[in-house]
Amino acid sequence: MRLTFLSVIAAAALVIITPAAASAQLPKETEAQKVQRMKWWTDARFGMFIHWGLYALPARHEWVKNRERITTEDYQKYFEAFDPDLYNPKEWAKSAKEAGMKYVVLTAKHHEGFCLWDTKYTDYKSTNTPFGRDIIREFVDAFRAEGLKVGFYYSLIDWHHPDYTIDSRHPQRQENDADYESLNKGKDMNRYREYMKNQVRELLTNYGEISIIWFDFSFPGKNGKGRQDWDSENLLKLARSLQPGIIVDDRLDLKDVEGGWDFTTPEQRKVTKWPEENGKKVAWETCQTFSGSWGYYRDETTWKSPAQLIELLSESVSKGGNLLLNVGPTGRGAFDYRARERLEAMGEWMKYNGRSVYNCTEAPSDFVPPANTLLTWNPETKRLYVHLLAYPMGSLKMENMAGKIKYVQFLHDASEIRYSTGSGDESNTINMQLPVLKPPVEIPVLEIYLR
Ligand code: GLC
């Protein structure tokens with residue numbers, strides 16, 4: 001008897017919190033409509049992430065306030081010193097465009113809580129620092145002028161807002177079994193949720209068309225925060241109502257809610273295959289840094305080489321995904337010389353090889369990549385791209401290709417690659433003749449026109 005009563009209660013609770021019931025509020029769309037809405041983004045393949053805030057001044061990780069358990073009072077010195085006199089978003093936009101990037105996502109607010117725009121809802125904003133300018137306003141104008149789509153990163157986490165409760169990832173976190181309840185007395189997450197909605201409304205109302213919103217991030221569980229803490233569904237509903245075409249990441253803790261996210265976000269790691277959700281391939285974007293941290297980190301020496309970065313881009317496309325590559329501008333507001341070097345190298349490669357990236361995706365499975373190569377594929381032009389990660393000596397064989405080819409060339413200079421078809425065991429294999437000398441291209445690409 002008691003058991004039945006309990007299970008009735010449990011069932012009732014389930015009805016209340018079941019995501020399907022709540023998702024009725026989110027706009028509905030068919031799979032085909034979603035693909036269409038996201039088409040510019042999947043075609044673009046390559047974007048720039050920008051992490052910029054007060055943490056550029058300590059220059060030792062954007063989590064410095066947390067890592068070093070700095071109090072808000074002690075962190076104030078960065079606010080008072082913030083005066084990035086070299087901030088010129090036209091230069092940023094130019095270097096993103098020249099690198100071949102088609103969209104940009106800037107941290108409007110990161111976990112430290114500092115706001116890069118003239119928000120009405122806090123004094124903790126760029127316009128109140130010695131710098132005094134609305135960074136976001138100038139930023140959106142500059143990137144739009146270069147033809148890039150503009151997006152915002154908005155941190156759900158906030159280590160400055162007085163109503164944001166101390167949790168396990170907070171600078172003032174305690175030992176595991178600490179009494180968080182009494183620690184957080186007087187803090188009201190309701191007010192914080194209102195604050196987020198107000199800010200998201202500002203960002204998605206006052207700055208024209210915003211193409212992407214990147215909410216970051218949820219960590220449900222003990223002393224953590226998740227969808228209830230953020231009121232994720234209503235936050236998302238608000239974003240979608242203000243910017244109907246907007247593309248949204250998957251960090252609101254709404255993974256199981258229909259319409260709760262648009263793409264998945266493997267961070268700082270290469271995927272081994274096209275990511276799936278419930279057995280279905282999903283839209284994805286890997287976000288990556290040049291050197292390890294997202295904010296400007298002066299003393300970090302673990303910078304990826306241009307070849308590694310180009311491979312990362314090619315490999316993402318070869319598995320049907322995007323790359324969002326991060327720059328952490330300095331406290332002066334400029335891109336660090338190491339970032340500029342790498343962006344230039346990527347631009348040099350993209351100028352001659354971008355055709356193997358834009359509008360491309362994973363190749364159909366009947367194409368078998370030769371060793372040390374990656375394949376990308378443009379389904380509209382029916383061209384196959386072979387990215388040569390290690391330059392072969394003299395020739396390159398590819399199986400299962402006989403009778404399929406119209407023409408082969410190097411992509412960077414449109415010089416013909418001659419090939420022959422094998423015989424006997426290899427009658428289905430083609431053998432492409434390559435010059436012994438590797439062309440002066442970081443990763444050379446063969447372009448195969450298919451019949
Ligand atoms: C993280 C980090 C962060 C960075 C982000 C980028 O979750 O907290 O500092 O902004 O990932 O993906």
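Every number for a ligand or one of its atoms is a count from 1 in the order of the listing.
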Just do the salt bridge (charged side-chain N to carboxylate O under 4.0 Å, His left out) check on R227 and D256 with the steps written out, would you?
CA-CA 11 Å; R227 65 176 86 178; D256 54 349; 2.7 Å; yes
Do you see a donor-acceptor pair shorter than 3.5 Å between the side chains of N353 and S356?
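Short answer, no.
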So if I only count non-hydrogen atoms and take anything under 4.0 Å from ligand 1, which residues does that give, chain by chain?
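Lining ligand 1: F49, H51, E62, W63, H110, H111, Y153, W214, D216, F217, R251, E267, C287, W294.
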Partner of W159 under ring-ring contact (aromatic ring centres under 6.0 Å, His included), chosen from Y55, W63, Y192
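Exactly one candidate clears the test, W63.
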Above 12 or not: heavy atoms from other molecules or residues under 6.0 Å from NZ of K90?
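Open.
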More than 12 heavy atoms from other groups under 6.0 Å of CZ on R298:
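Counting neighbours around CZ of R298, 12 or fewer heavy atoms of other residues, nucleotides or ligands fall under 6.0 Å, so no.
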For the pair R383 and E447, evaluate salt bridge (charged side-chain N to carboxylate O under 4.0 Å, His left out) and give the outcome as yes or no after the intermediate values.
CA-CA 7 Å; R383 291 189 195 172; E447 183 174 49; 3.3 Å; yes
